[in-house]
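Only one structure is covered here, and it is reproduced in the block below.
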2 protein chains.
Amino acid sequence: MDEDEARVRLLDAAERLFYRRGIQAVGMDELRAAAGVSLKRLYQCFGSKQELVEAYLRRRDGRWRAALFAYVDEHSATPEDRPLAVFDWLHAWCADPDFRGCAFINSFGELGAVSDGVAQAARDHKQAVHEHILDLTRALCVTDPVALAAQLLLLVDGAITTAAISGDPEAARHARHAAQILIAAATVPSGAVRS
Amino acid sequence: MDEDEARVRLLDAAERLFYRRGIQAVGMDELRAAAGVSLKRLYQCFGSKQELVEAYLRRRDGRWRAALFAYVDEHSATPEDRPLAVFDWLHAWCADPDFRGCAFINSFGELGAVSDGVAQAARDHKQAVHEHILDLTRALCVTDPVALAAQLLLLVDGAITTAAISGDPEAARHARHAAQILIAAATVPSGAVRS
DNA sequence: TTCCGCAGAGAACGCCCGTTCTCTAGACTA
DNA sequence: TAGTCTAGAGAACGGGCGTTCTCTGCGGAA
């Protein structure tokens, strides 16, 4: 087996297991078995569990944002639709049976105090999402796109954690509705006001 | 030493250590040392670590809500002030140097998938906070206090997690501002509209 | 064919953790 | 005072984990 393929299989297994059960609950041997890779190969690809965890988080960050903003691009006709499409995607995600909250919030809660790498990965992820949302609010006719983006980000994180703990994806619907109101309130009046 | 005092000292140590570093990162022996209690006594008070963890979460739930809503009672003159006072308290909490996010979100991320007791404690906590906030919105002249409470709860959780990961308590300020807008939008127009 | 190198399987190692057990010393009772 | 009971200190135990090591067998080069 190729080393590149081993890396992919390990990261796939890591994403599945770490996200579902938590990082410390999954041992390297279980991971190795799930990936169908020898322990020797595992430590050739990733020098330590710490390294594998950070690689998992970095890859998940990229994929998660790509999936979200691909959806936003595809499902919104106007700049006004785009922030709301974020919450539509969130609702679908939260309704997924495998959904178990935000991988970064979870791993930050589990290891953020103990591992700088994990804490930094969580910060980087949230920062990157923040900048994406800022791009969306900057495309609107609003008085303060920075403040609006900060507010929408709160709704995103709130919806994800609330849906995770309660098990009810409706949180994303509530967040969408709140976002609608906040966007309307921030929009500079240049015609009819949407309800 | 009294058994009751041992319980208190153990729960105090548990709260300090589990919250700061995470549950699995703190061993029973370190906890025993921090509490100044013998291992034998520890296992007399709590039959297992699981039991101690759940007791820690239950006690923290009660204390956290009591502190929050005592502040709300004290720092708000009118029913309209009360929801906003929630976010003032949150801001002060998030600015505390020991702040490390929501103990329930953190422990849910760490152990929620593996321990039913932890997951249930997190659900119970969020449910209880939800009901408190519902009491606040029901005291307002709003069209749909249930929907508004759900929205405010998203802002609460979003502010806590964002402040925890970014390390910046300003998230609570943004949440307060968003709450103001959402409350205004939900208020039935019966006079002057507040800015 | 023979030799070399590498990959896989899994045993081994050292450490840590949750939990239990043992030993000792002191306090209380008759 | 003698006997008993209890609490504390910490050793011990069993198991799991991250990581490394060993052994075996196969594939390719000379």
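The structure displayed is predicted, hence computed values, not measured ones. Chain letters run A, B, ... following the sequence lines, proteins first and then strands; every chain starts at 1.
Annotation: side-chain contact (heavy atoms from CB on, under 4.5 Å) contacts of B/R58 (sequence neighbours excluded): B/E54, B/A55. Residues passing the ring-ring contact (aromatic ring centres under 6.0 Å, His included) test with A/F87: none are found, sequence neighbours excluded.
Distance A/R41 CZ to C/dG10 P: 17 Å, rounded to the nearest Å. We find that CG of B/D2 is positioned 11 Å from P of D/dG8, with the value rounded to whole Å. Atoms CG (A/L31) and C1' (C/dG10) sit 17 Å apart, rounded to a whole Å. Rounded to whole Å, the distance from CD on B/E5 to P on D/dA7 is 14 Å. One interatomic measurement links the two molecules: CG of A/L42 to P of C/dA9, which rounds to 13 Å at whole-angstrom precision. Atom C1' of nucleotide C/dG10 and atom CD of A/E30 are separated by 17 Å, given to the nearest angstrom. Rounded to whole angstrom, the span from the CD atom of B/Q44 across to the C1' atom of D/dT6 amounts to 9 Å. With rounding to whole Å, B/E51 atom CD is found 13 Å from C/dT19 atom C1'.
A salt bridge links A/R65 to A/D61: at least one charged side-chain nitrogen sits closer than 4.0 Å to a carboxylate oxygen. Classification of B/D2 and B/R7 as a salt-bridged pair fails, no side-chain N sitting under 4.0 Å from a carboxylate O. By the 4.0 Å N-to-carboxylate-O rule, B/R59 lies close enough to B/D12 to be salt-bridged with it.
A side-chain donor-acceptor contact under 3.5 Å links A/Y19 to the backbone of A/G101.
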For this session: Classify every nucleotide of nucleotides 13-26 of chain D by which part a protein heavy atom approaches to under 4.0 Å, writing B for the base, S for the sugar-phosphate alone and - for neither, in 5'-to-3' order.
Result: -----SBB------
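At a non-hydrogen distance threshold of 4.0 Å, nothing from residues 114-122 of chain A comes into contact with DNA chain C.
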Hey, can you pull the donor-acceptor pairs under 3.5 Å for the side chains in residues 141-158 of chain A, sequence neighbours left out?
{"from": "A/D144", "atom 1": "OD1", "to": "A/V146", "atom 2": "N", "distance (Å)": "3.3"}
{"from": "A/D144", "atom 1": "OD1", "to": "A/A147", "atom 2": "N", "distance (Å)": "3.1"}
{"from": "A/Q151", "atom 1": "NE2", "to": "B/H177", "atom 2": "ND1", "distance (Å)": "3.4"}
{"from": "A/D157", "atom 1": "OD1", "to": "A/K126", "atom 2": "NZ", "distance (Å)": "2.8"}
{"from": "A/D157", "atom 1": "OD2", "to": "B/T162", "atom 2": "OG1", "distance (Å)": "3.3"}

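Within the structure, the salt bridge (Lys or Arg N to Asp or Glu O under 4.0 Å) test picks out the following pairs touching residues 20-45 of chain B (sequence neighbours left out): B/R20-B/D98, B/R21-B/E30, B/D29-B/R32.
Here the CD1 atom belonging to B/I181 is positioned 12.0 Å from the CZ atom belonging to B/R176, to the nearest 0.5 angstrom.
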